[in-house]
2 protein chains.
Amino acid sequence: MNSEFTIAVHSLALLAHIPEHMASSELIAKNVCTNPARIRKIMSILRKNGFVKTKEGIGGGYILACDPNEVTLAEIYCSISNGTLKPHWCSGDPQEACQVSANMHGVMDQIFTEAEMYFTKYLEQITIQTVLDKVRQGCQENSQQ
Amino acid sequence: MNSEFTIAVHSLALLAHIPEHMASSELIAKNVCTNPARIRKIMSILRKNGFVKTKEGIGGGYILACDPNEVTLAEIYCSISNGTLKPHWCSGDPQEACQVSANMHGVMDQIFTEAEMYFTKYLEQITIQTVLDKVRQGCQENSQQ
DNA sequence: GTAACTGTACGAATTATTATTACAGTACTC
DNA sequence: GAGTACTGTAATAATAATTCGTACAGTTAC
């Protein structure tokens, strides 16, 4: 998995943090610590999925178009990074006579797909607002564990 | 996450498939489709965790040292790839005045850590024997879903 | 018309992953 | 004890994935 999911969550939390204003890709990029083009690419996907509204031209940028209490990280993950949990490399060789070698790829694929469902089920419990609240608390839960 | 977890599962299933014989790193590597040195590195970790026994010298190699019905993929994952679910890239900058930027890294870290626990909980349901059975069935469940 | 934005594409730079090679150590066989 | 077939481990090379930087067309406000 690459970091686009993380960046999407960060960006949406930031927009939820300043619900009154439009934020430019440059502003978001600085906050996230990446470059504006990458932000624009990710925000473009988020727009197509209805999470944000965008406005081109002077004074334009991005603004939240959803209720941060309603949208879960699962929806964001599915929009941006669905199916990227499993590694790219594949084990075994379908041409092999040995069943273990021939079928392992399919079996691991199945396992990772199902594992991703569990992963997603957890993300369903977290909303953009949850993330924003944690961020505003300075992530104090860390020190209590 | 890299592919070491996949390779470990594949190797252990293969050893469970041929419980009578020792398998050399070269044999396992061919089955998995990688090189012997990589297999030896991974098997070395599995040995330290008690999943396999190794024997050096002529006629040596690797053999299963656990009950394939007892050992779950969760244990294997924890031995080999624990904590590798989250991407390497980090969002935000702790030095920033903006709370969102400053604390997002910690918050996402916490989320990924907890998500990994859910991921692991799923892997607890799958044993080496489960994988071996699926492989022997030619992974027919795929076509039934 | 111009300035400030987004949308998108492409190549460069960086980083992660995998492969290769090498060699010391161990155990069996003759 | 010499030779052979293994593991254990490290270092480096090759490959692939990820991220960055730049560019430019399209849009909107003034």
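Chain naming here is simple, since letters A, B, ... match the order of the sequence lines and numbering starts at 1 in each.
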- Query: Measuring from N103(A):CG to R136(B):CZ, what's the distance to the nearest 0.5 Å?
  - Reply: 11.5 Å
- Message: I need the CD1-P distance between I42(B) and dG8(D), as an integer number of Å.
- Response: 13 Å
- Rounded distance (nearest 0.5 Å) linking atom OH of Y77(A) with atom OH of Y122(A): 14.0 Å
- At a 4.0 Å cut-off to heavy atoms of chain A, the contacted part of DNA chain C spans dA3(C) to dA19(C)
- Taking C-beta and beyond as the side chain, do Q110(A) and T113(A) meet within less than 4.5 Å on heavy atoms? no
- Query: Any ion pair linking K41(B) and E4(B) (charged N to carboxylate O, less than 4.0 Å)?
  - Reply: yes
- Rounded distance (Å) that lies between atom P of dA5(D) and atom CG of L27(B): 16 Å
- Message: Would you say S44(B) places a side-chain N or O within less than 4.0 Å of OP1 or OP2 belonging to dT9(D)?
- Response: yes
- Give K48(B) one of three labels, base, sugar-phosphate or nothing, depending on what nucleic acid heavy atoms sit under 4.0 Å from its own. sugar-phosphate
- Any V32(B) side-chain heavy atom under 4.5 Å of L14(B) side chain: no
- Query: For the atom pair OG (S11(A)) and CG (N31(A)), what is the distance rounded to the nearest 0.5 Å?
  - Reply: 8.5 Å
- Task: Report yes if some heavy atom in the side chain of I80(B) is under 4.5 Å from a heavy atom in the side chain of F51(B); otherwise report no.
- Result: no
Atom pairs, N/O to N/O, protein against nucleotides 27-30 of chain D, distance under 3.5 Å?
residue: dT27(D); atom: O4'; partner: E56(A); partner atom: OE1; Å: 2.7
residue: dT27(D); atom: O2; partner: G57(A); partner atom: N; Å: 3.3
residue: dT28(D); atom: O2; partner: I58(A); partner atom: N; Å: 3.4

- Distance, nearest 0.5 Å, that separates CG of D109(A) from SG of C90(A): 7.0 Å
- Message: Are there runs of at least three consecutive Watson-Crick or G-U pairs touching DNA chain C, with each pair's two distances under 3.5 angstrom? Give them by first number.
- Response: C:1-30 with D:1-30
- Not counting sequence neighbours, which residues clear side chain to side chain contact (heavy atoms under 4.5 Å, CB included) with P68(A)? List them please. A16(A), L64(A), I128(A), Q129(A)
- Task: Each residue besides I18(B) in its hydrophobic cluster should be listed here, by chain and number; the cluster joins Ile, Leu, Val, Met, Phe, Trp and Tyr at side-chain heavy-atom distances under 4.5 Å.
- Result: none
- Do the side chains of S3(A) and R38(A) get nearer than 4.5 Å, heavy atoms only? yes
- Pairwise distance CD1(I126(A)) to CG(D133(A)) - rounded to 0.5 angstrom: 12.0 Å
- Taking the side chain as every heavy atom from C-beta outward, state whether M43(A) and I28(A) have any atom pair closer than 4.5 Å. yes
- Nucleotide by nucleotide, 5' to 3', does protein get under 4.0 Å of the base (B), only the sugar-phosphate (S), or neither (-) in nucleotides 15-23 of chain D, counting heavy atoms? --SSSBBBB
